[in-house]
Amino acid sequence: MTAAEREPQQEPGPEQAGGVPVPERGAWLRRGISRDGGPLLEDGDDRVVWLQAGPYYADSRGFAGTTSFDGTQVRFHHLTGEPGEDTGTFRWDGPNLVERGTNTDGSTFLEIWTPLPGADGNTHSWSGPDHHVVRVGRHVVHVDSRAGTYWRL
């Protein structure tokens, strides 16, 4: 992480309000998070993985669904697992994605996502009455009403 990313982050001003869409395909490991403008905390042994396969995503924290992009912001519509909807903007920082967002409860966050190796190959998304599974290359995230689970094949 850069020194600037380790410092407390301010909310984006009007000049930073625009963002890029999430890649249509990707396997991402969260490197750190800042909540409500606090310091960026590295995840350490906590592995948070986000997989994106077309409009479908799954997050190992226990939510999955679809994404949409309005030209400025990305919305993560939670359809399985933890209820809610996150809204954020993304920007590239080298190979990493930097996400600034707002949760349903109004709290804010900044997350740094780095690409996982092994994301080439098959990409699929499956869902059922109480589960959603996304596979991107060697990475799989399964989400149901109880939890999210990550596997590397």
Side-chain angles (χ1 to χ4, degrees), residues 1-2 4-5 8-38 40-41 43 46-128 130-145 148-150:
M1 281 181 233
T2 67
E5 291 169 344
Q9 302 293 314
Q10 301 297 318
E11 289 304 304
E15 72 285 353
Q16 298 173 320
V20 299
V22 296
E24 288 190 22
R25 170 199 178 96
W28 303 92
L29 176 66
R30 190 178 73 184
R31 295 198 44 207
I33 185 168
S34 166
R35 296 183 194 281
D36 294 319
L40 185 69
L41 303 174
D43 283 339
D46 296 332
R47 284 186 73 92
V48 176
V49 173
W50 153 45
L51 302 181
Q52 186 76 35
Y56 303 101
Y57 78 92
D59 188 301
S60 65
R61 290 173 285 185
F63 49 94
T66 61
T67 56
S68 62
F69 181 64
D70 67 7
T72 302
Q73 294 186 322
V74 174
R75 288 193 187 282
F76 287 85
H77 310 278
H78 299 207
L79 303 176
T80 304
E82 180 183 312
E85 184 170 286
D86 304 334
T87 303
T89 58
F90 284 84
R91 70 174 172 82
W92 289 101
D93 182 13
N96 298 328
L97 276 171
V98 178
E99 177 186 10
R100 291 179 184 269
T102 305
N103 294 309
T104 306
D105 65 4
S107 62
T108 61
F109 61 90
L110 175 128
E111 293 177 302
I112 310 299
W113 297 95
T114 190
L116 284 166
D120 52 334
N122 292 325
T123 300
H124 299 287
S125 175
W126 303 267
S127 62
D130 184 35
H131 70 280
H132 195 102
V133 180
V134 173
R135 175 182 179 182
V136 176
R138 299 186 66 178
H139 307 280
V140 177
V141 171
H142 173 273
V143 175
D144 59 31
S145 62
T149 306
Y150 165 70

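Residue numbers count from 1 along this sequence.
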Query - Residue pairs passing the salt bridge (charged side-chain N to carboxylate O under 4.0 Å, His left out) test where at least one lies in residues 63-73, sequence neighbours excluded - result: none
Hey, is the main chain of [Y] close enough, under 3.5 Å, to the side chain of [X] for a donor-acceptor pair?
| X | Y | result |
| --- | --- | --- |
| Arg135 | Leu51 | no |
| Thr102 | Gly106 | no |
| His139 | Gly26 | no |

So do [Y] and [X] actually touch side chain to side chain, heavy atoms under 4.5 Å?
| X | Y | value |
| --- | --- | --- |
| Tyr150 | Leu116 | yes |
| His78 | Val143 | no |
| Glu99 | Leu97 | no |
| Pro23 | Phe90 | no |

Requested in this report: Over 60° means perpendicular and under 30° means parallel, so classify the ring planes of Phe63 and Tyr57, tilted if in between.
Outcome: perpendicular
In chain order, what residues pass the side chain to side chain contact (heavy atoms under 4.5 Å, CB included) check against [X], with sequence neighbours excluded?
| X | answer |
| --- | --- |
| Asp130 | Asp144, Ser145 |
| Thr149 | Trp151 |
| Thr114 | Leu29, Arg31, Asn96 |
| Thr87 | Gln73, Arg75 |

What residues, two or more places apart in sequence or in another chain, satisfy side-chain hydrogen bond (donor to acceptor under 3.5 Å, both in side chains) together with [X]?
| X | result |
| --- | --- |
| Arg61 | Asp59, Glu111 |
| Ser125 | His132 |
| Asn122 | none |
| Trp50 | Gln52 |

Query raised in the report: Could you walk me through whether Arg25 and Val136 pass the side-chain contact (heavy atoms from CB on, under 4.5 Å) check?
Result: CA-CA 7 Å; Arg25 170 199 178 96; Val136 176; 4.2 Å; yes
Query raised in the report: For Glu85, does the CD atom sit with more than 12 other heavy atoms under 6.0 Å from it, leaving out its own atoms?
Result: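 Atom CD in Glu85 is crowded, with more than 12 foreign heavy atoms closer than 6.0 Å.
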Query raised in the report: For His77, which residues count as a ring-ring contact (aromatic ring centres under 6.0 Å, His included) partner, sequence neighbours excluded?
Result: none
Query raised in the report: Of the non-hydrogen atoms in Thr67 and Gly54, which two are nearest, and what is the gap between them?
Result: OG1-O, 4.4 Å
Query - Minimum heavy-atom distance between Ala53 and Thr123, given as atom pair plus value - result: CB-CG2, 3.2 Å
Query raised in the report: Which one of Val22, Asp86, Thr89 satisfies the side-chain contact (heavy atoms from CB on, under 4.5 Å) criterion with Val74?
Result: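 One option only clears the test, and that one is Val22.
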Query - Listed partners of Arg138 passing salt bridge (charged side-chain N to carboxylate O under 4.0 Å, His left out), at least two apart - result: none
